[in-house]
There are 2 protein chains.
Amino acid sequence: MKNRITLKELAKLLNVSVSTVSKALNDSAEISPKTIVRVKELAALHKYRPNPTAVNLKSSKSGTVGVIIPNIANSFFAKVLSGIEAQAQKDGLQVITYISNESHEREKQITEMLASGFVDGVLLAIAEETQRKKDFEHIINLIDYNLPVVLYDRIDFDMKVDKVGIDDQKIFYDATKYLQSLGKKKIGIATTIHHMGVGKLRITGYKEALESKDDFFIANSANPESLKAKLLDLLLNKKVDALLCSDFDSTLMTQRLAYENNIRIPQDLKIIGFINSEIAEFLTPSISYVNQNAAKIGETAMEILSKRINNKLEPSKKEVVIDSLVVHLESTSKS
Amino acid sequence: MKNRITLKELAKLLNVSVSTVSKALNDSAEISPKTIVRVKELAALHKYRPNPTAVNLKSSKSGTVGVIIPNIANSFFAKVLSGIEAQAQKDGLQVITYISNESHEREKQITEMLASGFVDGVLLAIAEETQRKKDFEHIINLIDYNLPVVLYDRIDFDMKVDKVGIDDQKIFYDATKYLQSLGKKKIGIATTIHHMGVGKLRITGYKEALESKDDFFIANSANPESLKAKLLDLLLNKKVDALLCSDFDSTLMTQRLAYENNIRIPQDLKIIGFINSEIAEFLTPSISYVNQNAAKIGETAMEILSKRINNKLEPSKKEVVIDSLVVHLESTSKS
DNA sequence: CTGAAAGCGCTTACAG
DNA sequence: CTGAAAGCGCTTACAG
């Protein structure tokens with residue numbers, strides 16, 4: 001990399017001291033207007049930029065935040081990242097990206113690295129494996145380190161940190177109520193993430209919405225074969241007339257099984273799924289989906305982290321719920 | 001953030017000098033084995049970690065690379081990022097992510113910021129708008145700055161930098177030949193990115209594969225209405241029997257128009273599209289797609305950048321082509 | 001209004 | 001084998 005000009009060199013060229021140059025560039029009231037102009041002109045000429053690393057060392061800040069993403073191929077998280085990046089831009093922060101791939105081990109490595117102190121704060125969505133193992137020690141450590149941490153999306157954990165996510169329970173509650181309003185009597189749920197925080201909340205919301213007289217119809221398994229068997233039971237034997245699908249895999253399997261068994265969507269079966277708009281819109285038929293407002297989640301989480309870093313927030317932790325809504329496409333249209 | 005222990009404090013506790021502590025921790029041959037053990041034990045006890053910013057300042061390196069991503073919601077780029085991150089991990093580099101949103105202006109801002117010198121190197125896929133405007137000045141500046149730069153994916157540019165991408169021309173050449181081998185006589189192409197480097201190469205490959213007696217059937221427009229009209233002409237009037245779709249939008253429009261006009265896929269029309277596996281597999285019918293090996297592209301680009309940063313590469317620039325292949329699903333199955 | 005000095009937390013040539 | 005000193009590129013309290 002080309003050698004960039006330093007304060008020292010600038011000072012030599014101007015025949016003034018380094019301190020004068022530094023103060024002039026920072027518009028210090030101590031420096032005469034004339035000198036300020038003179039210094040700034042030469043700095044501009046040489047395209048002087050303060051060395052960020054030196055500034056960081058002085059200020060004990062890095063100007064960076066770490067973002068831990070469980071799975072970037074999931075377009076939900078890609079959009080969250082996009083929101084994070086946009087807000088970080090505004091706040092003058094650099095985003096360092098780490099991908100845990102839903103792995104507990106990898107997540108531990110990352111949190112340890114972050115605790116070593118490069119970044120000023122951390123945005124975290126907890127890996128699936130970590131949730132399954134219920135081993136949050138590395139996360140507690142990170143928080144105890146007094147590094148500002150904001151949990152995003154996966155926030156149903158008992159930790160003293162700021163959180164930004166959606167109200168998973170309410171969404172499935174509302175969705176269930178909506179299907180009831182369409183006259184559906186046998187509403188079921190399909191899920192591969194029932195062991196995860198968000199998965200549990202969605203089931204709770206669903207159950208809560210049903211009347212005492214209603215049966216629960218739940219197909220839950222992380223194993224495709226087992227899920228398929230359970231779903232077929234709901235579709236063919238129990239003859240459910242609507243299904244809430246809690247994730248990508250269960251949504252697509254539901255749709256496929258309906259197709260293979262000549263169950264017509266939406267006439268015989270209505271579906272609402274937790275999948276991305278890109279896919280939902282282009283399935284045949286298109287599938288009504290939950291728009292989680294991913295970018296907004298990222299933006300808000302970054303905004304809170306940024307304020308936390310700059311001590312602009314009262315000590316008590318925040319928990320922000322971002323509105324999400326069901327986008328109705330063909331799979332819930334009135335038949 | 002909790003105050004972390006420094007070399008100085010460690011030195012005081014041990015009653016030795018800072019230099020001794022530093023050398024001991026770095027296993028210097030100058031230091032006695034006894035001292036090394038003593039120092040390391042206390043360091044471990046206090047969980048000492050060198051302050052990365054200070055190390056960076058000394059070494060004039062930041063240990064970070066900047067990655068400019070045109071559109072992270074495109075799962076191709078998400079996978080590239082995933083490959084980049086994995087390799088950066090191995091190389092001990094931190095990945096700072098910037099999203100240009102295909103915007104020329106935003107890309108300029110980012111490159112200027114990067115030229116200001118925080119990162120050790122840059123991975124770049126050039127924004128669509130930049131390509132349309134043909135204004136590459138900011139990129140040339142970045143390169144001239146002697147900051148190592150590696151172009152990924154979008155590499156059909158005349159710049160003296162390392163490049164990692166796929167052979168777009170060959171893929172559509174091969175795909176066309178394949179469709180011919182199935183007996184298809186009227187092979188067309190649908191594209192919304194004909195103005196972009198990769199889009200042009202794909203068309204070139206397609207044309208190259210056709211015999212002199214064959215006609216070209218090209219539906220090209222970035223405007224949906226116009227593309228639709230051109231596609232309908234190919235499908236209904238010209239009666240093409242196969243279509244290569246150069247991007248997401250044209251693939252889905254082709255599939256939709258076929259559906260709406262009772263053109264059966266694959267019996268009446270074969271399709272190969274440049275879309276992600278996640279979507280391709282779940283369309284009805286499933287659409288044969290080009291697997292671009294996105295993670296490999298990211299990994300390789302990062303590997304080259306890392307070597308370039310450490311001066312482990314000869315001066316001449318590299319251009320690496322990552323193999324990609326067509327994954328055949330229902331839309332090209334023998335009818 | 002300007003500059004010398006100290007210091008952020010390290011590393012490393014040099015002296016002893 | 002150990003330590004004092006210089007220096008990476010800045011900022012800022014302090015002296016003049």
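We name chains A, B, ... by the order of the sequence lines, and we start the count at 1 in each one.
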Item to complete: Before accepting this row, confirm whether a basic side-chain N of the pair B/K133/B/E129 lies closer than 4.0 Å to the acidic partner's carboxylate O.
Response: yes
Worksheet entry | Pairing of B/R106 and A/E85 as salt bridge, 4.0 angstrom limit | yes
Worksheet item: Could you state the CD1-C1' distance from B/I5 to C/dC10, rounded to the nearest angstrom?
Response: 15 Å
Discussion item. For the backbone of B/Q109 and the side chain of B/E112, can you confirm whether one donor and one acceptor N or O come within less than 3.5 Å of each other?
Written reply: no
Practice prompt. Provide, to the nearest angstrom, the distance between the NZ atom belonging to B/K34 and the P atom belonging to D/dC1.
Written response: 9 Å
Discussion item. Check this for me, if you would: do B/R132 and B/E102 make a salt bridge, where the nitrogen-to-carboxylate-oxygen distance has to be below 4.0 angstrom?
Written reply: no
Worksheet entry | Base-pair map of DNA chain C as dot-bracket, where | denotes pairing with a different strand and pairs are Watson-Crick or G-U under 3.5 Å | |||.||||||||.|||
Worksheet entry | Result of checking A/R308, A/E303, A/M302 against A/S306 for side chain to side chain contact (heavy atoms under 4.5 Å, CB included) | A/M302
Discussion item. If you count heavy atoms of other groups shown closer than 6.0 angstrom to NZ of B/K296, is the number above 12?
Written reply: no
Discussion item. Rounded to whole Å, please give me the gap between CD1 in B/I31 and P in C/dT12.
Written reply: 13 Å
Worksheet item: So, A/D162 and A/K307, do they make that salt bridge, N to O below 4.0 Å?
Response: no
Discussion item. Over 60° means perpendicular and under 30° means parallel, so tell me whether A/Y152 and A/F77 are parallel, tilted or perpendicular.
Written reply: perpendicular
Worksheet, complete the sentence: Contact check, residues 8-30 of chain B vs DNA chain D, heavy-atom distance under 4.0 Å, returns B/V16, B/S17, B/S19, B/T20, B/K23, B/E30
Discussion item. Could you check whether any side-chain N or O of B/E107 sits under 3.5 Å from a backbone N or O of B/A127, counting only pairs where one atom can act as donor and the other as acceptor?
Written reply: yes
Practice prompt. Give me the residues of residues 40-64 of chain B where at least one heavy atom lies under 4.0 Å from an atom of DNA chain D, by number, or none.
Written response: B/L57, B/K58
Item to complete: Evaluate the side chain to side chain donor-acceptor pair (under 3.5 Å) criterion for residues B/S32 and B/T35: first the C-alpha distance (whole Å), next the side-chain angles of each, then the deciding distance (0.1 Å), finally the verdict.
Response: CA-CA 5 Å; B/S32 76; B/T35 312; 2.6 Å; yes
